Enquirer: 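Here it is, the structure, as structure tokens.
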Amino acid sequence: MNIFADIEKRIVAALDALKIEGQLPDDLVLDGIEATPPRDPTHGDVASNAAMVLAKAARMKPRDIADALATKLAAEPDIAKVDVAGPGFLNLTFVPAFWQQAILAFREKGTEYGRTDLGLGERINVEYCSANPTGPMHVGHCRGTVFGDALSNLLAFAGYDVTREYYINDAGGQIDVLAKSAYLRYREALGEDIGEIPEGLYPGDYLKPLGASLAQQHGKALLTLPEAERLTIVRDAAIPAMMALIRTDLADLGIKHDVFFSERSLKHGNVDEVAATIGSLRAKGLVYQGNLPPPKGEPDADWEDREQTLFKSTQFGDDTDRALLKSDGSYTYFAPDIAYHKTKWDRGFARMITVVGADHAGYKKRLEAAVRAISDGKGEVDVQFCQMVRLFKNGEPFKMSKRAGTFITVRDVIDEVGRDPIRFMMLYRKANSPLDFDFAKVTEQSKENPVFYVQMAHARAKSVFRNVAEIFPDLTATSAAVTGADLTRLSDAGELDIVKKLAYFPVLVAAAARAHEPHRIAFYLYELASSFHGHWARGNETPQLRYIQADDKDLTAARLALVGAHAQVLATGLAILGVGAPEELR
RNA sequence: GCGCCCGUAGCUCAGAUGGAUAGAGCACUCGCCUUCUAAGCGAGUGGUCGCAGGUUCAAGUCCUGCCGGGCGCGCCA
């Protein structure tokens, strides 16, 4: 159900009729015709570009096509007015009943209103967060995590079969650093004075409980073990401990992954999937021994020409070939990541999205190349970047120092501002734009704070139902009196404005899903809330416009149907963003 | 040097598959509380869409070249 798509079909039908009548060439291809809300609402309810896109192929003036089409459409009973404007825009104005009836459709669908079948049930894998298991999440992880989660919600709502995935980088050098850092905390827990944490190790206090638990479990036994053996034990305890911290943070942000995929699990038993993947690429002639040219520009004194095992990513559009093995023979980060993406392909995902930070910009092309290579061009990964978050406190930049261990954790931010404002603010911006996050502003309860503004629109709508209970106790949101109300009573322009915005919701969901841009939902909700607040305030001056009319139960019921639909769409949209839709804000 | 991202009102940002006179919030000016939540609403001021070409009936949007900013650029993940 999508009103605008229906109108497009009606326009096409009218054009077909014109063809039959000989007013248009009968071989004219009716393509690219749109029906959209006009930018200026005074132009009408719906605008179409039909005449202009067809003009060339029809070898006619746009105005002539528009005039013929206008005459045709004006004859339809629910179209009140058709104007031809500008170069050939067709502006349609529908009779109020057209919009009034639309509310029925909103209600019929309920929480499903806005859902589309765009994805056709196709499986899609969304990988996001994937913070290294070396400590709690810091605020920098937050944006991509929230983005990936909301994008997953959006795609699911748009008809995709979404799997949310977290890639645990538990096999790289940073894990050795973690183990060494944890071992130090273990010695500390045994009573040793460890002094300053050496440069290069993780100084954070969060490793202290891990040290203590190791001490409790092993006593002094680890001290006498050979280093390799001892670090293996520490590491195997540290990774789950760090993941437990991260999972707590994720839970508090309202984020749930379906799959936690361990990099280490790529090697199991005698199977090394990384080696196997490199082998399969080699079989395709995409792996070779060679030397990479140094980057141009500033000459690098440390540059050392060396032969490496390389992947021919240039064959798939990358700028340079990429190393798979380090000079000591171990894997680069890239090699297991290819193997990991191959498991996605093997698990039946032809479509993948990977959300990364802006500092991974250079990773996009090689990953796309790798996915094409392992899937013989049939698979596709969209690497989505989230730009940096700049932290502010009362307008002053807020610096993090990782070295001093004083970085801001997700926990700090949740404790300070709460989950809903974090999520909404992270999504109230295109992912590609840097984002300023001011602790003071996001907790403010005012119009300046869009989270609050949208939530208040929902709370207000709910308050109407609370208040009506005192006058018409039987007019509950789900009562037959409300769901079956006489909608022709809704005639005010402000009411119809809200209806028209609600009608646009399915179009918006589809567009946002197609573009992988959940922020559009946030902006839409703000606009919808604005229409609602505006109409509400008009009720302050003009009591007849208020939703509850004590002397007119039927009118009240009709208006409640609108309020209910409005609250429903707000709740649905907020759910996509993972933000709460509170009943009240007191 | 190369790649990716960004450049829109004084500030922070939207701008749908290319559509009409480019929008919102903040700031500034002026109205509105005997009120279903004024935690709000309305009106006004404010623009060479970084610059220059090109494609198109139509360009903030697409293409090319510049300028400015951010991120990255063979064994960090």
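Just so we're clear, the structure is a prediction, and the values are computed from it rather than from any experiment. Note on naming: letters A, B, ... go to the chains in the order of the sequence lines (proteins, then strands), and numbering restarts at 1 for each one. Basis for what follows: all heavy atoms, side chains included, without hydrogens, waters or symmetry-related copies.
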Enquirer: Between A:Lys365 and B:C2, does any side-chain N or O lie under 4.0 Å from OP1 or OP2?
Expert: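 No.
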Enquirer: Respond yes when some side-chain nitrogen or oxygen of A:Lys56 is under 4.0 Å from OP1 or OP2 of B:C57, and no when none is.
Expert: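 Yes, A:Lys56 has a side-chain N/O under 4.0 Å of OP1/OP2 on B:C57.
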Enquirer: Looking at every strand, decide which applies to A:Ala358 at a 4.0 Å heavy-atom threshold: base, sugar-phosphate, or nothing.
Expert: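 It contacts sugar-phosphate atoms only.
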Enquirer: Where the side chain of A:Ala361 is concerned, which of B:A77, B:C4, B:G15 is the nearest nucleotide?
Expert: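 Between B:A77, B:C4, B:G15, the one nearest the side chain of A:Ala361 would be B:C4.
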Enquirer: On a whole-Å scale, what distance lies between the C1' atoms belonging to B:U61 and B:G50?
Expert: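 After rounding to an integer number of Å, I get 16 Å for this pair.
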Enquirer: I'd like to know if A:Lys501 pairs up with A:Asp497 as an ion pair, taking the criterion as any Lys NZ or Arg NE/NH1/NH2 lying under 4.0 Å from an Asp or Glu carboxylate oxygen.
Expert: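 A salt bridge links A:Lys501 with A:Asp497.
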Enquirer: So which nucleotide from B:C5, B:U12, B:C57 ends up closest to the side chain of A:Asp436?
Expert: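 Among B:C5, B:U12, B:C57, the one nearest the side chain of A:Asp436 is B:U12.
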Enquirer: Check every atom of B:C5, B:C57, B:C41 against the side chain of A:Ala537 and return the nucleotide holding the closest atom.
Expert: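 In terms of side-chain proximity for A:Ala537, the closest of B:C5, B:C57, B:C41 is B:C41.
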Enquirer: A:His360 on top of B:G72's base, within under 5.5 Å and under 30°?
Expert: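 So no, this residue does not stack on that base, at least one cut-off failing.
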Enquirer: What integer number of Å spans the P atoms of B:A59 and B:C51?
Expert: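 Going atom to atom, P in each nucleotide, I get 16 Å.
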Enquirer: What is the pairing partner of B:G3, taking Watson-Crick or G-U wobble pairs with both distances under 3.5 Å in any strand?
Expert: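 Pair assignment: B:G3 / B:C71.
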Enquirer: What is the separation between atom CZ on A:Arg520 and atom C1' on B:U61, rounded to the nearest whole Å?
Expert: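 Spelled out: CZ on A:Arg520 to C1' on B:U61 is 12 Å.
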Enquirer: If we take the C1' atom in both B:G19 and B:G46, what is their distance in whole Å?
Expert: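 Roughly 25 Å separates the two C1' atoms.
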Enquirer: Give the ring-plane orientation class for A:Tyr363 versus A:His360, where under 30° counts as parallel, over 60° as perpendicular and anything between as tilted.
Expert: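 Perpendicular, since the angle between the ring planes exceeds 60°.
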Enquirer: At 4.0 Å (heavy atoms only), tell me whether A:Ala512 reaches a base, stays on the sugar-phosphate, or touches nothing.
Expert: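 Nothing, no nucleic acid heavy atom in range.
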Enquirer: Among B:G15, B:G72, B:A77, which nucleotide has an atom closest to any side-chain atom of A:Lys326?
Expert: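 Closest of the options to the side chain of A:Lys326: B:A77.
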Enquirer: Reading RNA chain B from 5' onward, which residue's closest nucleotide shows up sooner: A:Ile33 or A:Arg538?
Expert: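 Result of the comparison: A:Ile33.
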Enquirer: With a 4.0 Å limit, can you tell me whether A:Ser433 has a side-chain N or O closer than that to the phosphate oxygens OP1/OP2 of B:C13?
Expert: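 No, A:Ser433 has no side-chain N/O under 4.0 Å of OP1/OP2 on B:C13.
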Enquirer: Taking atom C1' in both B:U35 and B:C30, compute the distance separating them and give it to the nearest angstrom.
Expert: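 After rounding to an integer number of Å, I get 22 Å for this pair.
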Enquirer: Under 4.0 angstrom, heavy atoms only, what part of the nucleic acid is A:Met456 near: base, sugar-phosphate, or nothing?
Expert: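 Sugar-phosphate, no base atom in range.
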Enquirer: How would you label the contact of A:Ala323 with the nucleic acid (heavy atoms, under 4.0 Å): base, sugar-phosphate, or nothing?
Expert: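 Counting heavy atoms under 4.0 Å across all strands, the contact made by A:Ala323 is with sugar-phosphate only.
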Enquirer: Distance check, P atoms only: B:G10 and B:C49, in whole angstrom units.
Expert: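 Their P atoms lie roughly 12 Å apart.
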Enquirer: Establish whether the base of B:A77 is bridged to the side chain of A:Asp337 by a donor-acceptor pair shorter than 3.5 Å.
Expert: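 There is none.
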Enquirer: If I take atom CD in residue A:Gln384 and atom C1' in nucleotide B:C4, what distance separates them, rounded to the nearest angstrom?
Expert: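 So the CD-C1' distance, A:Gln384 to B:C4, works out to 13 Å.
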Enquirer: At under 4.0 Å between heavy atoms, what does A:Asp305 touch on the DNA or RNA strands: base, sugar-phosphate, or nothing?
Expert: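 Base, at least one base heavy atom under 4.0 Å.
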Enquirer: Would you kindly give the CZ-to-P distance between A:Phe523 and B:G23, to the nearest whole Å?
Expert: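 Going from CZ in A:Phe523 over to P in B:G23 covers 17 Å.
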Enquirer: Categorize A:Ala459 for me: base, sugar-phosphate, or nothing, with a 4.0 angstrom heavy-atom threshold over every strand shown.
Expert: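 Answer is base: heavy atoms of A:Ala459 come under 4.0 Å of a base.
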Enquirer: Can you tell me how far P in B:U12 sits from the matching atom in B:G70, rounded to whole Å?
Expert: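 Going atom to atom, P in each nucleotide, I get 15 Å.
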Enquirer: Scan every strand shown for a Watson-Crick or G-U wobble partner of B:U55, both distances under 3.5 Å, and answer none if you come up empty.
Expert: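 Its partner: none found.
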Enquirer: Are A:Asp436 and A:Arg390 ion-paired here, with the side-chain N under 4.0 Å from a carboxylate O?
Expert: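 Here A:Asp436 pairs with A:Arg390 in a salt bridge, since their nearest N and O are under 4.0 Å apart.
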Enquirer: Counting any heavy atom closer than 4.0 Å, what does A:Val507 reach on the DNA or RNA strands: base, sugar-phosphate only, or nothing?
Expert: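 No contact.
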Enquirer: Would you say a side-chain N or O of A:Tyr453 is under 4.0 Å from OP1 or OP2 of B:C41?
Expert: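 For B:C41, OP1/OP2 do have a side-chain N/O of A:Tyr453 under 4.0 Å.
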Enquirer: Classify the nucleic acid contact of A:Pro293 as base, sugar-phosphate or nothing, counting any heavy atom under 4.0 Å across all strands shown.
Expert: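 Since no nucleic acid heavy atom lies under 4.0 Å of A:Pro293, the category is nothing.
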Enquirer: Counting only Watson-Crick pairs (N1-N3 plus N6-O4 or O6-N4) and G-U wobbles (N1-O2, O6-N3), all under 3.5 Å, who is the partner of B:U61?
Expert: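 Pairing partner, where one exists within any strand: none, as none qualifies.
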Enquirer: Measuring to OP1 and OP2 of B:U37, would you say a side-chain N or O of A:Arg460 lies under 4.0 angstrom away?
Expert: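 The answer is no; no side-chain N or O of A:Arg460 sits under 4.0 Å from OP1 or OP2.
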Enquirer: Would you call A:Glu495 and A:Arg559 a salt bridge, taking side-chain N to carboxylate O under 4.0 Å as the test?
Expert: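 Salt bridge flag = yes for A:Arg559 with A:Glu495.
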Enquirer: Under a 3.5 Å limit for both distances, which nucleotide forms a Watson-Crick or G-U wobble pair with B:G44, could you say?
Expert: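 B:G44 is paired, partner B:C28.
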Enquirer: Would you call the rings of A:Phe532 and A:His566 parallel, tilted or perpendicular if under 30° counts as parallel and over 60° as perpendicular?
Expert: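 Aromatic pair A:Phe532/A:His566 classed parallel.
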Enquirer: Using a 4.0 Å heavy-atom cut-off across all strands, classify A:Glu527 as base, sugar-phosphate, or nothing.
Expert: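 The answer is nothing, as A:Glu527 stays clear of every strand by at least 4.0 Å.
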Enquirer: May I have the distance from A:Leu545 (atom CG) to B:C32 (atom P), rounded to whole angstrom?
Expert: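 So the two atoms are 20 Å apart, to the nearest Å.
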Enquirer: Whether A:His519 contacts B:G15 is assessed here as follows: a side-chain N or O lying under 4.0 Å from the phosphate OP1 or OP2. Is that the case?
Expert: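 Result: yes.
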Enquirer: Pick the P atom in B:C41 and in B:C5, then give their distance to the nearest Å.
Expert: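 Between the two P atoms, the distance is 37 Å.
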Enquirer: For A:Phe89 and B:A58, give me the distance from atom CZ to atom P, rounded to whole Å.
Expert: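 Going from CZ in A:Phe89 over to P in B:A58 covers 13 Å.
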Enquirer: Looking at every strand, decide which applies to A:Asn132 at a 4.0 Å heavy-atom threshold: base, sugar-phosphate, or nothing.
Expert: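 Answer is sugar-phosphate: A:Asn132 comes under 4.0 Å of backbone atoms only.
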Enquirer: Taking the inter-plane angle between the rings of A:Phe505 and A:Phe157 on a 0 to 90° scale, is it parallel (under 30°), tilted (30 to 60°) or perpendicular (over 60°)?
Expert: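 Tilted.
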Enquirer: Nearest whole Å is fine: how far is B:G74 C1' from A:Asp321 CG?
Expert: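 Value for this atom pair: 11 Å.
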Enquirer: If you find the nucleotide of RNA chain B closest to A:Phe452 and the one closest to A:Arg306, which residue's nucleotide is nearer the 5' end?
Expert: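 The residue mapped nearer the 5' terminus is A:Phe452.
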Enquirer: Paired with B:C13 by Watson-Crick or G-U wobble geometry, both distances under 3.5 Å: which nucleotide is it?
Expert: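 Paired with B:G23.
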Enquirer: Would you indicate what A:Arg322 reaches in the nucleic acid, counting non-hydrogen atoms under 4.0 angstrom: base, sugar-phosphate, or nothing?
Expert: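 No contact.
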Enquirer: Is the phosphate of B:C6, meaning OP1 or OP2, less than 4.0 Å from a side-chain N or O of A:Lys430?
Expert: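 For B:C6, neither OP1 nor OP2 has a side-chain N or O of A:Lys430 closer than 4.0 Å.
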Enquirer: Are any of the side-chain heavy atoms of A:Tyr524 and A:Val507 separated by less than 4.5 Å?
Expert: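 No, too far: nothing below the 4.5 Å cut-off.
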Enquirer: Can you tell me, in whole Å, how much space there is between the C1' of B:G15 and that of B:G60?
Expert: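 Pairwise C1' distance, B:G15 against B:G60, rounds to 8 Å.
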Enquirer: At under 4.0 Å between heavy atoms, what does A:Arg63 touch on the DNA or RNA strands: base, sugar-phosphate, or nothing?
Expert: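 No contact.
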Enquirer: A:Lys364 NZ to B:G72 C1': how many Å, rounded?
Expert: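 From A:Lys364 NZ to B:G72 C1': 14 Å.
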Enquirer: B:C13 P sits how many Å from A:Leu427 CG, rounded?
Expert: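 For the pair A:Leu427 CG and B:C13 P, the rounded distance is 16 Å.
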Enquirer: A:Tyr547 and A:His535: aromatic ring centres closer than 6.0 Å?
Expert: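 Yes, the ring centres sit under 6.0 Å apart.
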Enquirer: Looking at the side chain of A:Glu34, which of B:U17, B:U35, B:G15 is the nearest nucleotide?
Expert: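 Of the options given, the side chain of A:Glu34 lies nearest B:U17.
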Enquirer: Need the pair for B:U37. Rule: Watson-Crick or G-U wobble, both distances under 3.5 Å, any strand; none if unpaired.
Expert: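 Pair assignment: B:U37 / none.
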Enquirer: So, A:Phe261 versus A:Tyr166, ring centres under 6.0 angstrom or not?
Expert: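 For A:Phe261 and A:Tyr166, the ring centres are not under 6.0 Å apart.
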Enquirer: Counting only side-chain nitrogens and oxygens, does A:Trp536 get under 4.0 Å of the OP1 or OP2 atom of B:A38?
Expert: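 Indeed, a polar side-chain atom of A:Trp536 lies that close.
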Enquirer: Under 6.0 Å between ring centres: does that hold for A:Tyr128 and A:Phe147?
Expert: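 No, ring centres 6.0 Å or more apart.
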